[in-house]
Asks: 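Below is the structure I would like to discuss, written out as structure tokens.
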Amino acid sequence: MTNQEFLVRRARTSDVPRIQALVEPLVQQRILLGKDLVVFYEAVQEFRVVEDANGDLVGCGALHVMWEDLGEVRTLAVSQDWLGKGVGHALLGRLEADARELGLSRLFCLTFEVGFFVRHDFVDMGSETVDPAVYAELVRSHDEGVAEFLDLARVKPNTLGNTRMLKRLV
Ligand SMILES: CC(=O)SCCNC(=O)CCNC(=O)[C@H](O)C(C)(C)COP(=O)(O)OP(=O)(O)OC[C@H]1O[C@@H](n2cnc3c(N)ncnc32)[C@H](O)[C@@H]1OP(=O)(O)O
């Protein structure tokens, strides 16, 4: 355990059903986008999870690389019983460390939890996007998160009410 209460670790394939179960109530509330199990398995290397002293999975979060310098924090979720106990902070810190290790300098997220991310030095992107040459490359992606980053019209239903936020890693 990294402290007496919980451990942040890399996800394993055996965690995937528990990650989906953790996220499901938030999908029902339209806070997070629903994903099929196969999509979670394909992304398992992107995930960090938090387990409590009983080995129960109480949090998850993922880092998705979009471009040379750019990544996205995805599927950051903490179970109801563990909210406000530093699990989200620990997960985001680990994902940021992963991002630095990969050589990224900017982190994107799309969220309703603006206060939490502001307190972690994310800022509202407004209508900011990227330079035209990079835009032309990114727009070729089939990934929904990239489309959300670019603020494309086809993903407006996903972004409605959410805030596009960015953090520059130093
Ligand atoms: C990119 C995306 O995935 S966007 C989606 C973001 N996720 C969601 O919207 C899903 C729903 N929300 C959640 O699951 C959670 O609210 C999260 C992930 C946003 C935050 O998770 P939490 O574990 O509650 O965060 P954490 O406990 O670190 O911080 C929340 C507050 O708890 C308090 N807190 C932090 N550590 C402790 C602690 N050790 N003891 C008591 N309280 C604490 C602080 O007041 C903190 O406030 P701060 O934001 O000013 O630092």
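Order of listing sets the numbers, starting from 1, for every ligand and every atom in it. Worth saying up front: this structure is predicted, and the values here are computed from it rather than measured. In this chain, residues are counted from 1 in sequence order.
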Asks: Remaining members of Val39's ILVMFWY cluster at a side-chain heavy-atom cut-off under 4.5 Å?
Replies: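 Hydrophobic cluster check, Val39: joined to Val38.
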
Asks: Is there any protein N/O under 3.5 Å from an N/O of ligand 1, and what does the full list of such pairs look like?
Replies:
| from | atom 1 | to | atom 2 | distance (Å) |
| --- | --- | --- | --- | --- |
| ligand 1 | 3 (O) | Thr75 | N | 3.1 |
| ligand 1 | 3 (O) | Leu76 | N | 3.0 |
| ligand 1 | 7 (N) | Leu76 | O | 2.7 |
| ligand 1 | 12 (N) | Glu113 | OE2 | 3.1 |
| ligand 1 | 14 (O) | Val78 | N | 3.0 |
| ligand 1 | 16 (O) | Glu113 | OE2 | 3.4 |
| ligand 1 | 23 (O) | Gly88 | N | 2.7 |
| ligand 1 | 24 (O) | Gly84 | N | 2.8 |
| ligand 1 | 27 (O) | Gly84 | N | 3.4 |
| ligand 1 | 27 (O) | Lys85 | N | 3.1 |
| ligand 1 | 27 (O) | Gly86 | N | 2.7 |
| ligand 1 | 28 (O) | His89 | N | 2.8 |
| ligand 1 | 34 (N) | Gly84 | O | 3.3 |
| ligand 1 | 36 (N) | Gly86 | N | 3.3 |
| ligand 1 | 39 (N) | Lys85 | O | 3.3 |
| ligand 1 | 40 (N) | Gly84 | O | 3.4 |
| ligand 1 | 42 (N) | Gly84 | O | 2.3 |
| ligand 1 | 49 (O) | Arg119 | NE | 2.7 |
| ligand 1 | 49 (O) | Arg119 | NH2 | 3.4 |
| ligand 1 | 50 (O) | Arg119 | NE | 2.3 |

Asks: Kindly determine whether Lys85 and Asp52 satisfy salt bridge (Lys or Arg N to Asp or Glu O under 4.0 Å), including the steps that lead there.
Replies: CA-CA 12 Å; Lys85 294 178 178 168; Asp52 67 10; over 6 Å; no

Asks: Lys156: what forms a side-chain hydrogen bond (donor to acceptor under 3.5 Å, both in side chains) with it, not counting sequence neighbours?
Replies: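 Only Asp151 meet the side-chain hydrogen bond (donor to acceptor under 3.5 Å, both in side chains) criterion with Lys156.
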
Asks: If I compare all heavy atoms of Val58 with all of Val87, which pair ends up nearest, and what's the gap?
Replies: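 Smallest heavy-atom distance, with atoms named: O-CG1, 4.5 Å.
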
Asks: Please go through Ile19's hydrophobic cluster and name the other residues, only I, L, V, M, F, W, Y counting, with side-chain heavy atoms under 4.5 Å joining them.
Replies: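 Hydrophobic cluster check, Ile19: joined to Val16, Leu22, Val23, Leu26, Val27, Ile31, Leu32, Leu37, Phe40, Tyr41, Val44, Phe47, Val49, Leu57, Phe112.
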
Asks: Quick check: does any side chain N or O of Thr163 sit under 3.5 Å from a backbone N or O of Met165, one acting as donor and the other as acceptor?
Replies: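 A pair under 3.5 Å: no.
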
